[in-house]
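Okay, structure first, notes after.
Here the structure is a predicted model, which means the values were calculated and not measured. Numbers here simply count residues along the sequence, with the first being 1.
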Amino acid sequence: MTLKRRFFLCSRSALILALFLAPALYSYSADSAVKVQLNLKKAGPREVESLTEQGILRDYRLAWTSMAQALEFNTPDPLEGPFAGEAKQQLLQTVAQQQHSGLSQRYVNQNHRVEGVFYAPEGDVMELHDTAEYQLQVSDGGRIIHDENIVLHYVVLMTPGADRWVIRHLQAVQQF
């Protein structure tokens, strides 16, 4: 086997490996880019158990990562799982509008300060208040046409699903 052929096969193998690893690495980097500080000490009237707190933190971070991916790549696929009900319908409409217009949104350096304000006695709903800070980039055909630092307040309702907490309601508000 010639040196040139060996180099070609090694390069091809490295490319194939990179293609398989890229989604996993992107998923990890996107997930780690979403920072969430969660405070559930004031949530009530039911006390929040440690496992519930861990689940809320994990699933809230995943939801924002998924939403960011859906809006950046104009695909509804990442919304399956982390969102349900009204929140999912609104995000699906946003993705469809972006697909139609050719625009996309990118959320960079997400930081969320989330406070639990209500946890139903039955354990079937939790209300959260999120002060979200991020850089919003709007692109048209891959070219950034708007870049802005954003601070928004969100009222969020999460409910337990079969294997995770899902966001059912996500609404931006002026203040809490």
Side-chain angles (χ1 to χ4, degrees), residues 11-12 14-39 55-117 125-159 161 164-176:
S11 297
R12 189 172 141 201
L15 177 63
I16 291 170
L17 181 62
L19 289 173
F20 281 112
L21 289 177
L25 292 173
Y26 177 78
S27 175
Y28 173 75
S29 67
D31 188 43
S32 64
V34 177
K35 294 177 179 67
V36 178
Q37 295 174 330
L38 181 63
N39 181 352
I56 292 284
L57 179 61
R58 175 196 65 224
D59 296 338
Y60 196 74
R61 183 179 294 126
L62 173 65
W64 274 91
T65 299
S66 299
M67 183 175 75
Q69 290 174 347
L71 296 175
E72 182 175 356
F73 300 111
N74 284 336
T75 177
D77 297 339
L79 302 174
E80 292 299 324
F83 295 93
E86 181 183 325
K88 184 175 179 182
Q89 290 308 312
Q90 288 176 342
L91 289 168
L92 289 172
Q93 288 175 350
T94 301
V95 168
Q97 289 169 348
Q98 286 188 176
Q99 288 172 336
H100 181 71
S101 69
L103 298 176
S104 64
Q105 299 178 57
R106 185 165 182 240
Y107 291 74
V108 182
N109 299 326
Q110 293 187 51
N111 290 296
H112 299 266
R113 288 187 318 275
V114 181
E115 184 172 11
V117 294
V125 67
M126 186 174 295
E127 180 180 341
L128 305 169
H129 289 177
D130 179 6
T131 300
E133 298 180 43
Y134 50 85
Q135 182 179 352
L136 175 63
Q137 297 175 340
V138 179
S139 298
D140 183 1
R143 186 176 60 91
I144 296 174
I145 59 172
H146 182 79
D147 191 348
E148 176 181 13
N149 288 319
I150 302 281
V151 177
L152 281 176
H153 302 286
Y154 292 95
V155 173
V156 182
L157 294 180
M158 293 186 80
T159 60
R164 71 182 80 183
W165 284 80
V166 297
I167 294 179
R168 292 197 173 276
H169 182 79
L170 178 69
Q171 181 174 353
V173 296
Q174 289 290 328
Q175 59 188 4
F176 300 120

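For the atom pair Tyr154 OH and Asp130 CG, the distance stands at 8.0 Å (nearest 0.5 Å). Atom CZ of Phe176 is separated from atom CD of Glu115 by 8.5 Å, given to the nearest 0.5 angstrom. One finds the OG1 atom of Thr94 at 11.0 Å from the CD atom of Gln99 (value rounded to the nearest 0.5 Å). Atoms CZ and CG, from Arg106 and Leu136 in turn, are 11.0 Å apart once rounded to the nearest 0.5 Å. In this structure, the separation between CD on Glu86 and CZ on Arg168 is 11.0 Å, given to the nearest 0.5 Å. In this structure, the separation between CE on Met158 and CD1 on Ile167 is 5.0 Å, given to the nearest 0.5 Å.
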For the pair Thr75 and Val95, evaluate side chain to side chain contact (heavy atoms under 4.5 Å, CB included) and give the outcome as yes or no after the intermediate values. CA-CA 7 Å; Thr75 177; Val95 168; 5.7 Å; no
Worked verdict on Tyr60 versus Leu38 for side chain to side chain contact (heavy atoms under 4.5 Å, CB included): CA-CA 10 Å; Tyr60 196 74; Leu38 181 63; over 6 Å; no
Could you check Asn149 against Glu133 for side-chain hydrogen bond (donor to acceptor under 3.5 Å, both in side chains), going step by step and ending with a plain yes or no? CA-CA 7 Å; Asn149 288 319; Glu133 298 180 43; over 6 Å; no
CA sep, side-chain torsions, deciding dist, call: Val114, Val156, side chain to side chain contact (heavy atoms under 4.5 Å, CB included): CA-CA 10 Å; Val114 181; Val156 182; over 6 Å; no
List the steps and the verdict of side chain to side chain contact (heavy atoms under 4.5 Å, CB included) for Phe83 and Leu92. CA-CA 10 Å; Phe83 295 93; Leu92 289 172; over 6 Å; no
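Relative ring orientation between Tyr134 and Tyr107 is described as tilted, the plane-to-plane angle lying within the 30° to 60° band. Classified by interplanar angle (parallel below 30°, tilted 30° to 60°, perpendicular above 60°), the ring pair His112/Trp64 is tilted.
Across all their heavy atoms, Gly116 and Leu128 have their closest contact at CA-CD2, 3.7 Å. Contact record, Pro78 with Ala70: CG-N, 3.9 Å, taken as the closest heavy-atom pair. Nearest heavy atoms, Thr131 versus His153: OG1-ND1, 3.2 Å. When all heavy atoms are compared, the tightest approach of Leu79 to Met67 is CD2-CA, 4.1 Å.
Contact check for Lys88 versus Val166: no side-chain heavy atoms found under the 4.5 Å cut-off.
By the 6.0 Å contact criterion, CG on Asn109 is open, its count of non-hydrogen atoms from other residues, nucleotides or ligands being 12 or less.
Formation of a donor-acceptor pair under 3.5 Å by the Gln98 side chain with backbone atoms of Leu71 is found in this model. Formation of a donor-acceptor pair under 3.5 Å by the Asn74 side chain with backbone atoms of Leu103 is found in this model. Side-chain N or O atoms of Arg113 include none that pairs as donor or acceptor with a backbone N or O of Gln37 at under 3.5 Å.
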